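Comments concern the structure below.
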Amino acid sequence: MFLQFKREVEHVLKAALDKASYEHRALELETSEHADITSRIAFSLAARYRKPPAVIADDIVRNISIPPANRTLISEVAAMGPYINFYVSDSFLNATLERIKAGNTVDVDKRDTKIIIEHTSANPDGPLHIGHLRNAIIGDTLARVLKRSGYRVETQYYVNDMGRQVAVAVWGVSRFGLNTDKKGDHAVADAYIAANRMLESDATYQSEVEALMKRYETGDEAVMKRYEEAVQRCLAGIKASLHRLNIKHDLFVFESRFVRTGDVARIIEELKRKGELKYEGSAIMLQLEGIDKELVIQRRDGTSLYTTRDLAYHRWKSARCDRMIDVFGKDHELVSQQLRKALILLGVKVLPEFVIFEFVSLPSGSLSTRAGRYISADELMDKIEERAYEEVDKRRSDLSEDKKREIARIVGIGALRYDMVKVSPEKHMIFDLEEALDIEKKGAPFVQYAHARACSILRVARDEGITVPESADLSLLRADSEVALIKKLSTFEYVLENAARELKLHPVARYARELAELFNIFYKNCPVLNADEELRAARLVLVECTMRVLHDVLSVLGIEAPEEM
RNA sequence: GGGCUCGUGGCUUAGUCAGGAUAAAGCACCGGCCUUCUAAGCCGGGGAUCGCGGGUUCGAAUCCCGCCGGGUCCGCCA
């Protein structure tokens, strides 16, 4: 409902500015603690019209005409010094609840735009660790935000099956075998780590790995079979971990396919025609405008490189979508710029947008699969669910074992997901396991708890034979905490819209927490079931609406909403 | 060395792109609240030279310049 209110504000403000003959660029609207929407436009007009901002604000307000109450959601506009403050009407509050009750928690249109989001894309040489987790959770949440905003979204996992790391893993699996008792990704990691140790101690094995890579690139069937076994085993494990996190990719795309289809060779030929190249033996280097470092697109031995295959992948993607977004770690930033420039050179129309996140490191240093220095996602999830179980057990000894396990899983995974998106991605994270496991003071459980409380009221009501009424006198809901809660419910669509436009997720996490907080305050101040019949009816509607929006925002964050906890 | 990026109460952060209303939250700390719908909750309190130094402006956490500190990239790796 908030978006409609905002459109109305834009309309009346624009009309007033025209009427008073103020030329303007933007309306400078923002939400504020002092009003429902405020405009700071008087500040920027002050310089041009050489009048104090407060005088201009006053002048504008005198020129604003608000339509009659039955045709607007604006109740009032007032100049507060230099600020022009707009306030919502009673009908806005009522309409907000009616709309949510009817099932529309947000006001969005279906859009034709199809967006491909690439995320996670961890090398299939071991299990996901907490660095990959940040990528996966950001990518998945972004996909959910865009889907909820009406876009058609496809998520892809780009499988780097042609790189040296994977060759080492395959070599290691052949040499040391796979422990079939272990989850596939962990078994592959064992072989990979052992292989790396051996390669470090004796360089003669390096040539075996290189031979393996060459034979894979040329499509040697026996080698492809060995790759297939190791990579699929590893991916099966990775998929299982992602599944636990409530993450599923629509498509897994193997980089080797672009070599086999000849796309990579075609890309190199095209770049030879269109680009500024340097040759050193058979090695080919591409000079890109504005980037000092040239991009190597073919090795001296004639084999392809990650970047070239990635170019082919992006061109392939561009033909299948209207926008594409890559979720990358900060270490890929330069590469992503080179990729973009090279795609422009190739005449590709749909260019990638990048969501870049900073690294996750451990207090002991940076993460490394190769060195075995990482906390695997599985280990982390096991521990956090275990810790969540202790908390559930402490509070709800009345529940069955299965129920307690289920709640612990929902709370634990939720806490993990929330933690990863609550801060802006450019913030470097030093991952502290103890802190991550401190379930009690997490954002997600707080929001989930509010949801469970709302469900609890509705459940107790149902048990007493009280149903949420079809219609109620919603104008009874005018206590401070009721009004604040309804206003918060109305802004979910605004938060979502901003998140989808800016590709920023932490405001969504913040919103969820704030909504939960306002519900908790309402819960404290406004008894529902013990209120008089009419008030009880209205409050039941409010509780149901809040439950829906909490459920919706949690699902956008990929977090399950428990009905009790 | 060059590029990108981060630096805000004890800790973790929001706000920075588009400069404006007393710098906003969580955790931690101190003090209150369970005969009423789940206390994973609510109420109150203390605590910040917004890394440092200049500049622009009526006004700077926000813009510009310089410096300091952390991260990262600058491979015929991925």
Side-chain angles (χ1 to χ4, degrees), chain A residues 25-26 28 30 32-35 38 40 42-44 46-47 52-53 80-83 85 121-123 125 160 162-166 255 280-285 291-293 296-307 309-310 329-335 337 356 358-359 361 366 388 391-392 394-396 411 415 419 422-424 426-430 432 435 438-450 452-461 463-464 502 506-507 509-510 513-514 516-517 519-521 523-531 536 539-540 543 564-565:
Chain A
R25 267 167 292 176
E28 303 188 39
E30 57 183 32
S32 156
E33 56 187 302
H34 306 281
T38 192
R40 296 174 317 183
F43 283 114
S44 45
M80 194 77 87
Y83 298 91
N85 289 343
S121 302
N123 284 341
D125 56 19
N160 305 134
M162 297 202 75
R164 183 172 302 271
Q165 272 88 320
V166 173
E255 61 172 342
E280 281 180 28
S282 313
I284 305 173
M285 261 99 67
I291 299 175
D292 292 341
K293 210 71 199 172
V296 182
I297 57 173
Q298 184 176 293
R299 283 198 188 92
R300 191 174 286 270
D301 66 5
T303 57
S304 66
L305 282 139
Y306 168 82
T307 349
R309 300 188 293 264
D310 210 20
K330 185 75 178 159
D331 57 337
H332 276 59
E333 197 170 41
L334 176 62
V335 174
Q337 283 166 22
I356 291 186
E358 266 286 3
F359 266 46
S361 57
S366 60
E391 294 297 327
V392 178
K394 202 159 69 190
R395 291 162 227 265
R396 299 298 304 271
V411 169
D419 256 20
K422 75 176 181 192
V423 304
S424 72
E426 64 265 23
K427 223 87 174 183
H428 175 218
M429 285 175 75
I430 295 170
D432 184 325
E435 203 176 291
D438 207 344
I439 276 292
E440 206 176 355
K441 53 179 93 130
K442 289 293 176 187
F446 182 82
V447 182
Q448 290 169 320
Y449 183 64
R453 279 178 135 184
C455 289
S456 179
I457 292 177
L458 297 172
R459 186 172 49 242
V460 173
D463 291 349
E464 293 177 8
E502 308 277 337
H506 57 281
R510 191 182 181 80
R513 211 194 55 71
E514 287 170 351
E517 184 174 36
F519 178 72
N520 280 331
I521 294 169
Y523 184 95
K524 184 73 177 181
N525 295 341
C526 304
V528 177
L529 299 177
N530 290 335
R536 183 180 69 195
R539 284 180 176 168
L540 277 171
V543 170
E564 58 180 324
M565 61 188 275

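Lettering follows sequence order; numbering is per chain, from 1. Everything numeric in this text was worked out from a predicted model, so none of it was measured.
- Rounding to the nearest 0.5 angstrom, the gap separating the CG atom in A/Leu305 from the CZ atom in A/Arg299 is 4.5 Å.
- Spacing of P atoms, B/A60 relative to B/G20, comes out at 11 Å, to the nearest Å.
- B/A39 and B/U72 are spaced 46 Å apart, taking the P atom of each and rounding to whole Å.
- Contact annotation: A/Tyr306 side-chain N/O to B/A78 OP1/OP2 distance is not under 4.0 Å.
- One interatomic measurement links the two molecules: CZ of A/Arg539 to C1' of B/C37, which rounds to 12 Å at whole-angstrom precision.
- Although no hydrogens or angles enter the test, the distance criterion places a donor-acceptor pair under 3.5 Å between the side chain of A/Arg395 and the main chain of A/Glu391.
- In this structure, A/Glu33 reaches the bases: a heavy-atom distance under 4.0 Å links it to at least one base atom across the strands shown.
- The CD1-P distance, from A/Ile291 to B/C73, rounds to 17 Å in whole Å.
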Starting from the C-alpha separation in whole Å, work towards a yes-or-no answer on side-chain contact (heavy atoms from CB on, under 4.5 Å) for A/Lys330 and A/Ile356. CA-CA 6 Å; A/Lys330 185 75 178 159; A/Ile356 291 186; 4.0 Å; yes
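- Under the side-chain contact (heavy atoms from CB on, under 4.5 Å) test applied with A/Asp419, the options A/Met429, A/Glu435, A/Lys442 reduce to a single match, A/Lys442.
- Of the candidate nucleotides B/G71, B/C76, B/A14, B/G71 has the atom nearest to the side chain of A/Lys330.
- Side-chain N/O atoms of A/Arg299 include none lying less than 4.0 angstrom from OP1 or OP2 on B/G75.
- Of the candidate nucleotides B/C76, B/A78, B/C43, B/C76 has the atom nearest to the side chain of A/Ala283.
- For A/Lys427, a side-chain nitrogen or oxygen approaches OP1 or OP2 of B/A14 to under 4.0 Å.
- When heavy atoms are screened at a 4.0 angstrom cut-off, A/Val296 is found touching the sugar-phosphate backbone but no base atom.
- Residue-level contact check: A/Arg300 touches the bases, meaning some heavy atom is under 4.0 Å from a base atom.
- Between the NZ atom of A/Lys442 and the C1' atom of B/A40 there is a distance of 13 Å, given to the nearest Å.
- Going from the P atom of B/C43 to that of B/U49 covers 27 Å, rounded to whole Å.
- In textbook terms, a nucleotide whose glycosidic angle is within 90° of 0 is syn, while B/C33, being further out, is anti.
- Using the Watson-Crick or G-U wobble rule with both distances under 3.5 Å, B/G41 pairs with B/C33.
- Between B/A40, B/G20, B/G41, one nucleotide has an atom nearer to the side chain of A/Phe446 than all others, and that is B/G41.
- In this structure, A/His332 and A/Ser44 both approach RNA chain B, and ranking their closest nucleotides by distance from the 5' end singles out A/Ser44.
- Distance noted for atom C1' between B/G19 and B/C63: 7 Å (whole Å).
- A/Gln337 comes within contact range of no nucleotide atom at all, as no heavy-atom separation falls under 4.0 Å.
- Checking B/A24 for Watson-Crick or G-U wobble geometry (two distances, each under 3.5 Å) identifies B/U13 as its partner.
- With hydrogens and angles ignored, a donor-acceptor pair closer than 3.5 Å exists between the side chain of A/Thr38 and the base of B/A21.
- Residue contacts shown for A/Glu358 include a base, since a base heavy atom lies under 4.0 Å away.
- Across all strands shown, B/G66 pairs with B/C52; the Watson-Crick or G-U wobble distances both stay below 3.5 Å.
- A/Leu540 CG to A/Leu458 CG: the interatomic distance, rounded to the nearest 0.5 Å, is 6.5 Å.
- The heavy-atom pair separating A/Gln298 from A/Ser282 by the smallest distance is NE2-O, 3.2 Å.
- Within the nucleic acid shown, A/Val543 has no heavy atom closer than 4.0 Å to any nucleic acid atom.
- Among the protein residues, A/Thr303 comes within range of no part of the nucleic acid, since none of its heavy atoms lies under 4.0 Å from any strand.
- A/Cys526 comes within 4.0 angstrom of a nucleotide base, judged by non-hydrogen atoms across all strands.
- Heavy atoms from other residues, nucleotides or ligands lying under 6.0 Å from CD of A/Glu280 number 12 at most.
- When the nucleotides B/U38, B/C17, B/A21 are ranked by their closest atom to the side chain of A/His34, B/A21 comes out on top.
- Here the separation of B/C42 from B/G26, taken at their P atoms, is 9 Å to the nearest Å.
- The aromatic ring of A/Phe359 does not stack onto the base of B/G71, failing the criterion of a centre distance under 5.5 Å from the six-membered base ring together with planes under 30° apart.
- Nearest heavy-atom pair across A/Val543 and A/Ala454 is CG1-O, 3.6 Å.
- When heavy atoms are screened at a 4.0 angstrom cut-off, A/Ile356 is found touching no nucleic acid atom at all.
- Here the separation of B/G44 from B/U8, taken at their P atoms, is 28 Å to the nearest Å.
- Taking atom C1' in both B/G71 and B/C29, one finds a spacing of 31 Å when rounded to whole Å.
- Distances shown here put every side-chain N or O of A/Arg164 at or beyond 4.0 Å from the OP1 or OP2 atom of B/A78.
- Counting only heavy atoms from C-beta on, A/Met80 has its side chain closest to B/A21 among B/C37, B/C42, B/A21.
- Rounding to whole angstrom units, CD of residue A/Glu30 and C1' of B/A18 are separated by 10 Å.
- Counting to the nearest Å, the P atom of B/G20 and the CG atom of A/Asn85 are 15 Å from each other.
- Under the stacking definition used here (centres under 5.5 Å, planes under 30°), the residue A/Tyr83 qualifies as stacked on the base of B/A21.
- A/Arg309 comes within 4.0 angstrom of sugar-phosphate atoms only, judged by non-hydrogen atoms across all strands, and of no base.
- Listed pair A/Arg513 / B/A14 fails the phosphate criterion, with no side-chain N or O lying under 4.0 Å from OP1 or OP2.
- If you take CG of A/Leu334 and C1' of B/G2, they are 12 Å apart, rounded to a whole angstrom.
- The A/Arg396 side chain lies nearest to B/U38 when the options are B/U38, B/G20, B/C77.
- Side-chain contact between A/Glu30 and A/Thr38: present, with at least one pair of heavy atoms (C-beta onward) separated by less than 4.5 Å.
- With both ends at atom P, the span from B/G69 to B/C27 equals 35 Å, rounded to whole Å.
- Checking A/Asn160 against A/Arg309 by side-chain atom types alone, no donor-acceptor pair falls below 3.5 Å.
- B/C34 atom C1' lies 15 Å from atom CZ of A/Arg395, rounded to whole Å.
- As judged by a 4.0 angstrom heavy-atom cut-off over every strand, A/Val166 is placed among residues making no nucleic acid contact.
- Two residues, A/Phe43 and A/Asp331, neighbour RNA chain B, and the one matched to the more 5' nucleotide by heavy-atom proximity is A/Phe43.
- A straight line from CE of A/Met285 to C1' of B/G75 spans 12 Å, rounded to a whole angstrom.
- Closest approach to the A/Glu280 side chain among B/C4, B/C37, B/C76 is made by B/C76 (side chain taken as heavy atoms from C-beta onward).
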